[in-house]
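As structure tokens, the structure follows; a few thoughts come after it.
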Amino acid sequence: MLHEILLSLSGHPSPLLRNDHSGPAASSLISPPERQLLDTAAHLSDLHCNLRDQTGRISSAHPSAICRAVSTAIVAIHLAAFQRKIIEVEDSILRKDAALVGAYNIVPLTAVVGQFSGWTRRLEWLWELTEFMAADKGREDSPPCQAAKLIDRLRGELQTGYADIAETAQSLLQVAESSWLKQVSAWVLYGRRPTVGGYDFFIREDENEEHGYRIDDDLLPSFVTPSTASSMLFVGVSISRARSRASADLSVGSLDHLASQHQELAQLSSLLNGAMFSRAITNIRNTLSRTTLQKLLPIVRVLEILKVLREFFLIGRGEFAIALTQQADEKIRSRWRRADNLAYEKRDTLGTVTVKEGEVTAVLARTWAFLGSMQSQHADEDEALELARDLLRLHVSKSTETTTPAKGPDRSGDKFLDTIVTTPFRNLLFSVPVTLTMQIQSPLDLFLTHSDLQIYTVINSYLLSVRRAHLRLTDLWKITSLRRHHPPPPRAPYGNTKGGIAKTKLLRERCSLRSSIMRSTWSTSSAAIFFLGETETYLQVEVVEGLWSHFHSWLTGTSDSTRGEQGRSSTSQEALLKQNSADSDIRPIYNGSATTHRDAQPNHDPQTLSTAHRQYLSALTRRLLLTQHSFTTPLYDLLIQIDQLVALVHRLHGVWVAADLEADEGVVDAFANLEAEERDVRAQLRGVERRVKFGIENVIAALRTLSLDSAFAAEMEGEEGTMEDLEEEVDDGDGDGVQKYRPRRVGGIDRLLMKLDFGGWFGPPTVDG
């Protein structure tokens, strides 16, 4: 009987333990206490058999490598220990150990079963764990157990309070974490995902993502923070990108650092600590940045792209905005002239006025040609202009919706992008949605993402719209005939004759009448120019330049004393840029007044640069008020009214020129009623003047409302969670003692409101008599 019990406990089913002993015949042979002991042994036997069957299925068919490793460890460690315990009990019986064998060689059943009393709870816990690993395996509606869930469960089981359960969970957790670390090491050291059993690895391939990979938060163990996961994603993508580039030499120089990186991971022991694991990943990231990434993405290349973004997207180069606006207006005027000519022949609709993609591209090409003609007078080549010519593109948006281009279908969950307003400033340049974009070439996408570029596009449309309205209003003063007596009075001797005197009197009366008509237009235009000038100065000088100079100082390690010298690079900077590009030891660009030494320069890895750049864009967007729909909507309406005002002034000027030709030279247009058209234009002009005035008043009122809004003040200070979410992506610093980037507090709409004081101009509207 004892032999049968031991064989059954070893995993061999026995009818002695499986039969029902409650019958009357069995009751006469087996007492109730013995029957209870046999039930206990049968329960252990069933658990042992079931565990072997379940672990065999998991080890052979489970898709998770970590679950297979834990299942194998259950058999190799704990079931093997249970088997050794059975052999020890059998050996004690054969040796007639007094602990088990009594007088007359009687072996009490209680003593045998008591030897296994400590295994009941352990085997039951192991059975629950295998059931957890095998749960829902094979069902399409529910995936099998994943590594993150298994590791979290094992870490939770350490707190049960039972020493044997904690010891068992500790041993299995060590196996699970070791297997998971092997998968992580393949990614962070070689840039490769697990090829076998990696279905539950937290790095997933995704063609919709810019880098081709994404993080699945559901597959992350609880001790891995989001910032550490982002670092691991960045490290793996960088190594994968470096291996795919022939210019990155990974043969000798990079392999020398694999030993130290392996050592960083080898020093980690179970139970994995989140802080220590994050520190190890940070050290690997910094080592990668100092070796491979310094050749793959040098700081000089980053500064070149940031300079292009500052000068052309953030309107740091004023002549680009002027040239682009002039070329766009000329294209629109040529389209209208062509439409007028075709209207007499084909009677076409306004479809002939719609700007096509090729025409928008041609406008940008003529803009580059204009800027190139300006630069040809200088001896040095403008490398920023040449780089912008190669990378920048002007596109007509495919959709006519007024949604901001910063929100794509794959970015709907981005909290930061959702805060940007949907005001369609991009519609103002060509009267169709047009956006300025840039080609992100590898390896620049390691720090500059597509969403960052979309934000630059929105800011560019916003700033360019304000600059365009300002330029169009100031161009009205270039229409000489509206500001002076034109044509001039006849010269002597004809001017002294009776006919000459009558002609002079007629011209003076005409000019006086037109001057009185244009007086309110000029005053409204002057007020609008003052408003746009002060607003643009606030946006460009205080906000954009203030944030850019501070970000550039943090990037290069220079002091803020060089602020104001960052807009256009000097000749010495360009020479230094060429020198650094040719030098194998890459160094940041310095301003001419900077005296920082090489050993004091910060070493920023691309992930730190990317996070700091997003913080910079976040602060820039908020300070430019692009998150306040209550401000951008009245501003957009004002810009539309200013466009109408400029168009009506040009139309009135054309009517007066035609009337002068008819009165002075006898040139008559039989198809035009100039007097009726003049009355109509003047009536519309007065209405637009009032709307421009009300528009300026509404924008200033919106600014005053924002200045009193506590929620807006908290957002301007970064207290609404946007800045904190960005900072959480990299919360372990640069690793070299470099201070993390925090945007400077610039601007303040109270300063702008103090300048926008129109006195009593916002009075009751006067009715044109």
Side-chain angles (χ1 to χ4, degrees), residues 9 11 36-37 39-59 62 64-86 88-89 113-137 142-181 183-184 200 202 217-225 268-278:
L9 290 176
Q36 186 67 34
L37 292 174
D39 291 341
T40 302
H43 179 57
L44 287 174
S45 175
D46 292 341
L47 286 175
H48 191 189
C49 295
N50 293 335
L51 278 173
R52 287 194 173 275
D53 294 340
Q54 188 76 289
T55 53
R57 288 191 295 267
I58 294 175
S59 300
H62 203 284
S64 173
I66 285 82
C67 290
R68 293 203 300 267
V70 171
S71 176
T72 304
I74 291 176
V75 177
I77 299 176
H78 301 287
L79 295 187
F82 182 68
Q83 191 72 36
R84 288 194 299 270
K85 181 64 176 177
I86 296 174
E88 290 177 2
V89 172
V113 176
Q115 292 293 320
F116 301 97
S117 60
W119 283 93
T120 303
R121 181 171 57 242
R122 186 180 303 182
L123 291 181
E124 289 176 349
W125 181 85
L126 289 174
W127 173 248
E128 292 178 0
L129 183 63
T130 56
E131 285 289 305
F132 174 77
M133 289 189 291
D136 300 326
K137 186 170 68 67
S142 181
C145 176
Q146 298 165 344
K149 296 180 180 179
L150 177 60
I151 293 176
D152 292 342
R153 179 184 175 94
L154 291 175
R155 294 171 74 94
E157 293 294 338
L158 296 177
Q159 312 298 327
T160 56
Y162 296 101
D164 53 347
I165 298 299
E167 180 182 355
T168 305
Q170 176 68 37
S171 63
L172 296 179
L173 180 61
Q174 183 176 1
V175 173
E177 291 181 342
S178 299
S179 301
W180 185 79
L181 276 179
Q183 293 183 340
V184 171
D200 55 350
F202 66 95
D217 295 331
D218 295 334
L219 302 180
L220 278 175
S222 59
F223 65 88
V224 181
T225 61
L268 299 175
S269 60
S270 186
L271 176 71
L272 288 179
N273 180 269
M276 296 181 61
F277 180 73
S278 178

Check: [Y] and [X] side chains under 4.5 Å, non-hydrogen atoms:
{"X": "L154", "Y": "E177", "result": "no"}
{"X": "D164", "Y": "W125", "result": "no"}
{"X": "K149", "Y": "D218", "result": "no"}
{"X": "M133", "Y": "S64", "result": "no"}
{"X": "L47", "Y": "H43", "result": "yes"}

Margin query: For L271 and F223: C-alpha separation, side-chain torsions, deciding distance, then whether side-chain contact (heavy atoms from CB on, under 4.5 Å) applies.
Written below: CA-CA 10 Å; L271 176 71; F223 65 88; over 6 Å; no
Interatomic spacing from [atom1] in [X] to [atom2] in [Y] - rounded to 0.5 Å:
{"X": "W127", "Y": "T55", "atom1": "CH2", "atom2": "OG1", "value": "9.5 Å"}
{"X": "L172", "Y": "L126", "atom1": "CG", "atom2": "CG", "value": "6.5 Å"}
{"X": "L79", "Y": "Q83", "atom1": "CG", "atom2": "CD", "value": "9.0 Å"}
{"X": "I58", "Y": "L129", "atom1": "CD1", "atom2": "CG", "value": "8.0 Å"}
{"X": "L220", "Y": "D200", "atom1": "CG", "atom2": "CG", "value": "11.5 Å"}
{"X": "L44", "Y": "E124", "atom1": "CG", "atom2": "CD", "value": "8.0 Å"}

Has [X] got a side-chain atom pairing as donor or acceptor with [Y]'s backbone, closer than 3.5 angstrom?
{"X": "S278", "Y": "G274", "result": "no"}
{"X": "S71", "Y": "C67", "result": "no"}
{"X": "R155", "Y": "L272", "result": "yes"}

Margin query: Before you tell me yes or no, could you show the steps for I74 and Q54 under side-chain contact (heavy atoms from CB on, under 4.5 Å), namely the whole-Å CA-CA distance, both residues' side-chain angles and the distance that decides it to 0.1 Å?
Written below: CA-CA 11 Å; I74 291 176; Q54 188 76 289; over 6 Å; no
Notebook entry, point to check: Should the pair R122 and W119 be classed as cation-pi, given the thresholds of under 6.0 Å to the six-membered ring centre and 45° from the axis?
Noted result: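 Geometry flag: set, cation within 6.0 Å and 45°.
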Next item on the list: Name the orientation class of the two ring planes belonging to F277 and W180 (parallel below 30°, tilted from 30 to 60°, perpendicular beyond 60°).
Entry: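 The arrangement is tilted - the two ring planes meet at 30° to 60°.
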Note to self: Pair S179, R68 - check side-chain contact (heavy atoms from CB on, under 4.5 Å), show working.
What the structure shows: CA-CA 10 Å; S179 301; R68 293 203 300 267; over 6 Å; no
Margin query: Show the nearest heavy-atom pair for residues T72 and S59, with the distance to one decimal.
Written below: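 Nearest pair, atom of T72 first, then S59: OG1-OG, 3.4 Å.
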Check: Which pair of heavy atoms, one from V70 and one from A176, lies closest together, and at what distance?
Finding: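 Smallest heavy-atom distance, with atoms named: CG2-CB, 3.7 Å.
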Checklist line | Candidate list E157, H78, R121, test side-chain contact (heavy atoms from CB on, under 4.5 Å), partner T168, passing option | finding: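 Running side-chain contact (heavy atoms from CB on, under 4.5 Å) over E157, H78, R121 with T168 returns exactly one hit, H78.
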Note to self: Counting only heavy atoms not in F132 (residues, nucleotides, ligands), do more than 12 fall under 6.0 Å from its CZ?
What the structure shows: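 It does: F132 CZ has more than 12 such atoms within range.
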